[in-house]
Amino acid sequence: APPLTLVESTIVKSMLQTRKEVDLNAKRMPGSINDSVEKFLWWRDGEHSGWGKSKCRIDTSAEELFTNLWVLPTYKNENDHRDHNGNLPRVVWENVDGNRSLQHSVVIKFPTGLKNRCFETTITWEARKLDNGLKEYIIAFIPTESYAAMGGGPTLHHLSGTENWMMGQSRGVFTITAIAPNCCIFHRVQRVNIAAKLPQQLLIMFAKTHLAWANDLQEQFRRNGKVVDREVNHAIAEVFKTRRGLPLKQDQLEAYKSCEELENEDRDESGGWKPIPS
C-alpha cells in the first residue's frame with residue numbers, strides 16, 4: 001500500500017484522540033449490560049448528535065475482519081444497501097490520487113417524515129505491529145468536505161443531484177486488535193450527524209439500531225466458544241514465553257515499585273503484616 005499522506009496520518013491521529021475522549025466519557029447504554037457487545041453513548045458539549053461506541057470480540061483474524069470492513073464494493077454490501085435503501089445511489093471511489101484512501105458516497109433512506117440523507121465520506125487506514133507480534137488495524141473516516149478543508153485531494157468525488165437530499169455527516173474510527181491468530185477485538189467509535197434537531201430519545205433509538213451492527217458481525221464470524229478460548233489462552237501463553245527474561249519497561253517498573261511500596265507500608269518492624277483496623 002502507498003505510505004500515508006500527511007492528511008491521512010492526521011485523520012488517523014485525530015480520530016484515535018477522539019476515541020480516547022469517548023472511552024473516557026461515554027456511559028453504558030441502558031439495557032446493554034448483558035449484551036455480548038459493550039455499547040456506550042456520549043454527547044459532547046455543543047454537539048447535538050452523540051458519539052456511539054461498541055466493543056466486542058470477533059471470532060476471526062484481525063486481517064480477515066479488516067478486509068471485510070475495508071473492501072466496500074462487494075456484492076453483499078450492494079445487496080444490503082438495496083434491501084434497506086432501495087434504488088438510492090451508492091458509489092465507492094478507490095485508488096484516488098494514488099493514495100490509500102477511498103471516497104464513499106451513499107444516500108440513506110430515512111423514515112417517513114424525514115428527508116433521505118446523503119453522506120460523502122473519505123476513509124483511510126493504518127496497520128500497526130503490537131508488542132506480541134500480532135497486528136492492529138485502524139480504519140478512520142471523516143466527511144469528504146472536511147478532508148478537502150484539511151488539504152486533501154486534489155480529486156474529490158461527489159454524487160450528482162445532491163440538491164434533492166439533505167446532507168448528513170459521519171466520522172469515526174474502527175480499531176481491530178489481534179488477540180490470537182484467529183480472534184480479535186473490534187472497537188468502534190462513530191458519530192452520525194443527520195443535520196436535524198430530533199428529541200434525544202429518538203436519537204438514542206437510532207443509535208441502538210446502529211450499534212447493533214457489531215452483533216451482526218459477531219454472528220457472521222461466530223465459532224465454537226471453547227475452541228476460541230483455547231486459541232486466546234495459547235496466544236497469551238506465547239506472549240509470556242516471549243517476554244520472559246526481558247527487562248521491564250519504564251511504566252511497568254514504576255507500577256512494580258508502587259506496589260512494592262504499598263506492600264511495605266502494611267508490614268510491621270518484624271516483617272509481618274500489620275493488623276487491619278476494624
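Keep in mind that this is a model prediction, so the values were computed, not measured. Start at 1 with the first residue, then count along the sequence.
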For T60 and N182: C-alpha separation, side-chain torsions, deciding distance, then whether side chain to side chain contact (heavy atoms under 4.5 Å, CB included) applies. CA-CA 5 Å; T60 191; N182 290 302; 5.7 Å; no

Walk me through it: do E38 and C56 pass the test side chain to side chain contact (heavy atoms under 4.5 Å, CB included)? CA-CA 6 Å; E38 296 182 84; C56 63; over 6 Å; no

Taking all non-hydrogen atoms of both residues, which atom of [X] and which atom of [Y] are closest, and how far apart?
X: S61; Y: E64; answer: OG-N, 3.0 Å
X: T74; Y: V71; answer: CG2-O, 3.4 Å
X: I179; Y: L134; answer: C-CD1, 3.9 Å
X: A62; Y: A178; answer: CB-CB, 3.9 Å
X: V96; Y: W93; answer: CG2-O, 3.6 Å
X: W165; Y: P89; answer: CH2-CG, 3.7 Å

To the nearest 0.5 angstrom, please state how far the [atom1] atom of [X] sits from the [atom2] atom of [Y].
X: I185; Y: T177; atom1: CD1; atom2: OG1; answer: 7.5 Å
X: E120; Y: L159; atom1: CD; atom2: CG; answer: 5.5 Å
X: E94; Y: L72; atom1: CD; atom2: CG; answer: 7.5 Å
X: F141; Y: T122; atom1: CZ; atom2: OG1; answer: 11.5 Å
X: C118; Y: Q169; atom1: SG; atom2: CD; answer: 11.0 Å
X: I11; Y: K13; atom1: CD1; atom2: NZ; answer: 12.5 Å

Does R100 make a cation-pi contact with W125, if we ask for NZ or CZ under 6.0 Å from the ring centre and within 45° of the axis?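 Yes, a cation-pi geometry.
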
Let me see the working for C183 and I58 under side chain to side chain contact (heavy atoms under 4.5 Å, CB included), right down to the final yes or no. CA-CA 6 Å; C183 189; I58 305 289; over 6 Å; no

Does [X] use its side chain to pair, donor to acceptor, with the backbone of [Y] at less than 3.5 Å?
X: S32; Y: M29; value: yes
X: H81; Y: N77; value: no
X: T10; Y: L6; value: yes
X: R117; Y: I194; value: yes
X: N116; Y: F110; value: yes
X: N99; Y: S101; value: yes

Filter on salt bridge (charged side-chain N to carboxylate O under 4.0 Å, His left out), then keep only pairs touching residues 16-27, sequence neighbours left out; what's left?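 Residue pairs with at least one partner in residues 16-27: R19-D23, E21-R44, D23-K53.
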
Taking the side chain as C-beta and beyond, is there a heavy-atom pair between [X] and [Y] under 4.5 Å?
X: M15; Y: I142; result: yes
X: W70; Y: I123; result: yes
X: V189; Y: F40; result: no
X: P154; Y: D97; result: yes

So for atom CG, which belongs to D83, do other residues, nucleotides or ligands contribute more than 12 heavy atoms lying within a distance under 6.0 Å?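 Enclosed.
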
Within 6.0 angstrom of N79 CG, more than 12 heavy atoms from elsewhere: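 Enclosed: over 12 neighbouring heavy atoms sit under 6.0 Å from CG of N79.
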
What residue among F66, Y137, F174 forms ring-ring contact (aromatic ring centres under 6.0 Å, His included) with F186?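 Going through F66, Y137, F174 one by one, the ring-ring contact (aromatic ring centres under 6.0 Å, His included) with F186 is satisfied by F174 alone.
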
Are S170 and Q190 linked by a side-chain donor-acceptor pair shorter than 3.5 Å?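 Indeed, the side chains of S170 and Q190 share at least one donor-acceptor pair under 3.5 Å.
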
Donor on one side chain, acceptor on other, E136 and T175, under 3.5 Å: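 Side chains of E136 and T175: no pair found under 3.5 Å.
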
Is there a path of hydrophobic side-chain contacts, each under 4.5 Å between heavy atoms of I/L/V/M/F/W/Y residues, joining [Y] to [X]?
X: V192; Y: L69; result: no
X: F119; Y: V92; result: no
X: I139; Y: L65; result: yes
X: L88; Y: L114; result: no

Would you list the atom pairs, donor with acceptor, under 3.5 Å between side chains in residues 210-217 and any protein atom, with sequence neighbours excluded?
from : atom 1 : to   : atom 2 : distance (Å)
H210 : NE2    : R188 : NH2    : 3.0
N215 : OD1    : K39  : NZ     : 2.8
N215 : ND2    : D35  : OD1    : 3.0

Are the charged groups of R57 and D59 less than 4.0 angstrom apart, N to O?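 Salt bridge present between R57 and D59.
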
Salt bridge E63-K135, side-chain N to carboxylate O under 4.0 Å: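 Not counted as a salt bridge, because no side-chain N and carboxylate O are separated by less than 4.0 Å.
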
Exercise answer: donor-acceptor pairs, residues 102-109 side-chain atoms, under 3.5 Å, sequence neighbours excluded:
from : atom 1 : to   : atom 2 : distance (Å)
Q103 : OE1    : H157 : N      : 2.8
Q103 : NE2    : T155 : O      : 3.0

Checking side chain to side chain contact (heavy atoms under 4.5 Å, CB included) for the pair T18/R191: CA distance, chi angles, key distance, verdict? CA-CA 10 Å; T18 298; R191 173 178 177 247; over 6 Å; no

